[in-house]
Structures are given as structure tokens and as C-alpha cells.
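To start, the structure itself, in C-alpha cells.
Not measured: the values here are computed from a predicted model.
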Amino acid sequence: MQAAEVLRMAVHNLWLRRVRTLFNLTGIVTGCIVLLMTAAGTYGTRNALHALFDSSDFARQVYIFPGGFAWEEPPEGEIIIDAEMSETRRERIRLALASQWNEARRNDNPRYDISADDLDSIRKLPHVLAVVPEATTPCSVKTDSDPISTGINAVSIHSSTLRQSLLAGALPDANDREGVLVDEFLAWQMGYRNDTDLPRLVGQKITIEYRVTKNRVANIYNSLAEKWGQLGVDDLQQQVQFLQTFVQLMGDLDKTTLDEDQKSQLRSLIGNGIGEPGAAPDVLETREFTVCGIFHTGDTNPVAALFRQWFHTVRSGLQVHPDVALEIYESQADAKSFYNATIFVESSIFLREVTSALQEKQFNPQSSLAILEHIDFQIEQSAWVI
């Protein structure tokens, strides 16, 4: 039988049973439409929720807090759960035992901090817009009366939430190293208390003052002496010999062929506080900025409030160009690393990829990823039910 005859018989059969054919065709079309609407609705709902979350910086930020200790998975066979329980409870117990195992190894598991090299490596990750470390430095704003104590830290031009929180002015330009954002409370302390006063602050010059610790050789000596208990035998002998030579040199400085000016400069450089804490006095530095805008730290976006409550600490005071904030922060003698850092991701859909990359680098990232993945799972599950 030829294909043409088969097709002709099928069409003839459908024509003889027109009502049944119409019902079948209607059912097929209706089913296809329902499937398409379900797929489109699921896709649209997921995209709408991600767009809502992306409207808040905090839903597409990752925070790393390496001030604690590195987390390691226990070796195979170290954790044994010999009991009958659900998989979800078994996982919770496993995590608790793994945490206990890490806690027991706390002294053997060294701390890690965020260094400048770490920041550079994170900036090179795909889908990372910016990395802003927590580089807050105490400072004071000089006024006609008493100075106002506050803090200065880095601003991110990628922060849409910060842009929405502006009460006057605008965010500084990406290359503006002299622009500064002022918190509304600091503006209130400076005397700009009425709403109509805030725009007058924009464009004004403000002078800040902060302390810079100058490292001197006396501090190096004291630092070395404080770490004797951490050295091996050979290192300890070499260090003791160096310190003894150093002390003898300073004691016999008048016996050298150096002239009085050279001796004076050397004593000034080294300081006279060998063996005394705080040998290097702090020096006050001043710096002038131009106010670009005034912002507030309250939450008008409910999504921002949700994620701020979980992951974010409010930054207030003064916010300047990240390079300037780091320059001021690193002028402190004990500022060798950073307590935490905020990573801005292009979109919340890339949180999983960025989080996995940070975990591979032995950081402990925290973000809204778990919340977003749970929402995606619920949407997907509802779609399958429909």
C-alpha cells in the first residue's frame, strides 16, 4: 500500500468522524497551549523575581569574612553517623559534626586574611563588577567649632541602592578622587539640619583629619622581641644576635665617624623607645574633599531590608573613591589586611558561579544564594505539578 493511499484513508476516516476529530484536535491544541503557558509563566515568574532581587544590591552581593578560620571538610571516615534518620536530618548532623571537627582543630588551622593580592584575584573572576574591602578609618571632620568624629570608607559606584538613597547631589565619578559622599546624620551634626539645607552642602569643601602611624626601627625592634616565642632555635639565635648588635650600635653611636647631623637624623629615624611600647608617635594628617552628595542608610526597598538584615552592616560617615580609602586605611601601621570585603556581581543568576569560585579560593562567602535557590526550586516544583 502506497503512502498516498494511507494518507487518503486517514483523511477520509477523520472526515467521517468529524465531531470526534474536532474534540481530539481541540484537546491537543488546549494541552499544547497549557504547556506553553506553564513554561512561559515559570520562566517569566523566575525572571521577574530575579529582577526584583537585582533591584537591591544586597541580593547580588557576596560577602567574605576571612577573619575567622578556614573551613575544611573532614577526611573520609572521620565522621560516622550510625543511626536511622531522614537524609535532611543526617545532613544537619553531618554539618554539626564537621563544625565540631573544625573547632577542635582551630589552633592548627591558621587564620587567613584578605590581602591586596586576594582582592586582585577576586576582581578577575567572571561576572564580578567590583570588590570593595571594609577599609574604614576613624577620622574627624574639621568645623568652625569642635571636630566631629566619624569614619571614612570606600564607595562603590555600582551600588544602585546607594544611588537610590541619595537625598541631594549625585554619586562621584568613577575617576573622582576628591569627591566624597556625606551621611545625612553627619550632615546634621555639621549644621545642615533642614531639608532645604542639604543641597547647600553639595559642592562645599570639607577637611578631614586622621592619624598616621609612622613605623620606626624602635617598633621593628619591639615587634621582633614580642615574637621570640614563635621562632625556632636557629632563627632565635640569629635574631638575638641581631638585636644585641643593634642595641650596641645605638649605644656606641657617638664613637662612630658620623657627624652630629647624621647622628641626629639616625636617632630621629630610629626613635628612643627601644623596649618601650608605643615608641612611634602618631602623626595627624589632613585631607580636603568636595561633597558630591548626601545619602541616608535607611531602607526604603523591602528586598534591601530583607538582605541587609541577614548579611550587611550599615556603613555611614564619609564614603570616598576606593583607592583613596585604601590609601588612608593602609597608612595605619597595623592595617596589613582587611576584615571583610563586598563583591558586586552582575546579576543574582551568577551568584552560584561566583560563590563556587570563592570557595575554591578558600574563602567563606555569604550571600542570598540559598534563599534564591530555594525560591527557584519552589517555582520549578509548582511548574511540574501544573
Side-chain angles (χ1 to χ4, degrees), residues 52-61 63 129-143 147-210 287-329 339-345:
L52 175 63
F53 291 140
D54 285 345
S55 66
S56 165
D57 289 336
F58 312 112
R60 53 186 179 87
Q61 288 177 356
Y63 305 97
L129 292 176
V131 181
V132 181
E134 183 69 32
T136 303
T137 305
C139 67
S140 60
V141 178
K142 300 181 69 174
T143 63
I148 304 172
S149 298
T150 184
I152 189 165
N153 46 55
V155 63
S156 174
I157 61 173
H158 298 283
S159 175
S160 59
T161 302
L162 183 59
R163 184 178 295 106
Q164 295 169 4
S165 68
L166 287 174
L167 300 175
L171 293 180
D173 185 75
N175 299 318
D176 185 2
R177 297 175 58 90
E178 305 301 328
V180 64
L181 294 178
V182 178
D183 176 62
E184 66 173 342
F185 179 66
L186 178 58
W188 184 86
Q189 291 177 299
M190 295 170 62
Y192 297 86
R193 302 196 171 186
N194 299 322
D195 290 346
T196 54
D197 293 335
L198 295 181
R200 294 194 295 107
L201 180 56
V202 177
Q204 298 291 327
K205 300 286 187 180
I206 63 171
T207 302
I208 69 165
E209 193 174 63
Y210 58 95
R287 194 153 186 165
E288 188 177 72
F289 294 96
T290 302
V291 177
C292 294
I294 298 93
F295 68 99
H296 68 84
T297 55
D299 289 317
T300 57
N301 186 325
V303 180
L306 169 65
F307 291 110
R308 186 193 293 272
Q309 178 182 359
W310 278 86
F311 303 112
H312 193 63
T313 302
V314 177
R315 299 183 193 177
S316 59
L318 301 170
Q319 297 198 3
V320 296
H321 190 281
D323 291 345
V324 176
L326 290 180
E327 180 182 327
I328 295 175
Y329 178 78
Y339 173 71
N340 60 49
T342 303
I343 301 164
F344 287 80
V345 183

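- For the pair Ile343 and Tyr63, the minimum side-chain heavy-atom distance is 4.5 Å or more.
- Note: Asn175 CG to Asp323 CG = 9.5 Å, rounded to the nearest 0.5 Å.
- Not counting sequence neighbours, Glu209 has no partner by the side chain to side chain donor-acceptor pair (under 3.5 Å) test.
- In this structure, the separation between CG on Leu171 and SG on Cys292 is 8.5 Å, given to the nearest 0.5 Å.
- A heavy-atom distance below 4.5 Å is not found between the side chains of Val182 and Val141.
- Within the 4.5 Å cutoff, the side chain of Tyr210 has heavy atoms near those of the Ile328 side chain.
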(request) Test Phe295 against Leu167 for side chain to side chain contact (heavy atoms under 4.5 Å, CB included), laying out the working first. (result) CA-CA 5 Å; Phe295 68 99; Leu167 300 175; over 6 Å; no
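- Between Pro172 and Val180, every side-chain heavy-atom pair lies at or beyond the 4.5 Å cut-off.
- With sequence neighbours excluded, the residues forming a side chain to side chain donor-acceptor pair (under 3.5 Å) with Thr290 are Lys205, listed by chain and number.
- Looking at every heavy atom in both residues, Ala154 comes nearest to Pro322 through CB-CA, 3.8 Å.
- Here the side chains of Leu129 and Arg60 are in contact, with some heavy-atom distance below 4.5 Å.
- Listed for the His321 side chain is no donor-acceptor partner under 3.5 Å among the backbone atoms of Val155.
- Counting heavy atoms from C-beta outward, Phe289 and Ile152 have side chains that approach closer than 4.5 Å.
- Here the CD-CG distance, from Glu184 to Leu201, works out to 12.5 Å after rounding to the nearest 0.5 Å.
- Leu318 and Cys139 make their closest contact through CD1-SG, 4.2 Å (heavy atoms, listed as atom of the first residue, atom of the second, distance).
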Under 3.5 Å, which donor-acceptor pairs link side chains of residues 187-197 to any protein atom two or more places apart or in another chain?
| from | atom 1 | to | atom 2 | distance (Å) |
| --- | --- | --- | --- | --- |
| Arg193 | NE | Trp188 | O | 3.2 |
| Asn194 | ND2 | Asp197 | OD2 | 3.4 |
| Asp197 | OD1 | Arg200 | NH2 | 3.2 |
| Asp197 | OD2 | Asn194 | N | 3.2 |

